Trainee: 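Before I ask anything, let me first share the structure, which is written out below as structure tokens.
Note that the structure is predicted; figures quoted are calculated from it, not measured. When a ligand or atom number is given, it counts from 1 through the structure's own listing order.
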Amino acid sequence: MRHTTFRQLEIFEAIARTGSFTRAADELHLTQPTVSMQMKKLAEYVGVPLIEQIGKKVHLTDAGRALAQASREVFGIMDRFAMVVAECQGLKKGRLRLTAITTASYVAPRLLGDFAQIYPDIEVALTVTNRERVLKNLGENISDLYILGQPPEEIDVVAQPFMENPLYVIAAPDHPLAGESRIPLTRLAKEPWLLREHGSGTRMAIERLFAKHGLEIQPRMELGSSEAIKQAILAGFGISALSHHALALNPPEQFAILDAEGFPIRRQWYAVYPAGREPSIVARAFLDFLLSHGKTYDAPSADLATKA
Ligand code: PGA
């Protein structure tokens, strides 16, 4: 192991994360032969195989997985060291790796944009993915901070709420229930529902509300994003409940917000990191930014507010 270089660990970590030699080479601006040669040397230094390639697929061996985890820890330590140095020089410089759950893509880029105005030298990488993947990244320590609509129960984390995230029932403007008051949940349960895929935090919150009242809703259609749900609502397939952030760019008259019992479901956006892991200086700066600025972003539009 003594001859292993940081560069080799960096290449190996990129392969482990992306599952591909080609993507790792692209990400690090290297040629594929360089990547292959460095991985061959690394396996020689370690003395056991780290990667198995079956067809085009890259699989990590047990030793490979352990080395991927060790590499992330080493880079985490070095990133923190680099930021301590930057801090000593009076600079807030460095890298922020953020993983945001699908629906948070409506808020995260705007927050990052404003953060970047204050700290233009901080390099930001944002991954947007579903809840299952967010939890996997959290377990593997891939990012510095995670944005979720509901903190995970299965992993020990520090979770800080920073912004309101209410879910409203949305229908097409000509829907028969539009304009009715206090629509009972029993009535709503009879509607055809458009739901996100299993594992979506939004879907979990909706199903939980109905289940609390002994009701179950039948999905008429499952769709993988809020955008697809909005299109299906307009096409007359049914109703759904969405984060009010998902409607931020739509004109208010495009959708009807139903005045339904139990809605809006009051939720929050949370910034999360693993318990026992001190966030880097950059991650801490972003967390402070979220906690001090988040509230200023969350005022629902006038139309939504009147229905709340
Ligand atoms: P989702 O999660 O995008 O997976 O629905 C968002 C949330 O939990 O609110």
Trainee: Among pairs that include at least one residue of residues 28-40, which meet side chain to side chain donor-acceptor pair (under 3.5 Å), considering only residues two or more places apart or in two chains?
Mentor: Gln8-Gln38, Thr22-Gln32, Thr31-Thr34
Trainee: Determine yes or no for a side-chain-to-main-chain donor-acceptor pair under 3.5 angstrom, with Ser225 supplying the side chain and Ala228 the backbone.
Mentor: yes
Trainee: Out of the candidates Glu27, Glu10, Glu140, only one should pair with Arg17 under the salt bridge (charged side-chain N to carboxylate O under 4.0 Å, His left out) rule; please name it.
Mentor: Glu27
Trainee: Measure from the side-chain N and O atoms of Lys230 to the backbone N and O of Ala246, and report whether any donor-acceptor pair falls under 3.5 Å.
Mentor: yes
Trainee: Are the side chain of Arg97 and the backbone of Asp144 linked by a donor-acceptor contact shorter than 3.5 Å?
Mentor: no
Trainee: Step by step, would you call Leu177 with Arg187 a side-chain contact (heavy atoms from CB on, under 4.5 Å)?
Mentor: CA-CA 10 Å; Leu177 291 178; Arg187 171 72 188 81; 3.8 Å; yes
Trainee: Tell me the residues surrounding ligand 1, counting only those with a heavy atom closer than 4.0 angstrom, sorted by chain and number.
Mentor: Ile101, Thr102, Thr103, Gly149, Asn165, Arg196, Ser200, Gly201, Thr202, Arg267, Trp269
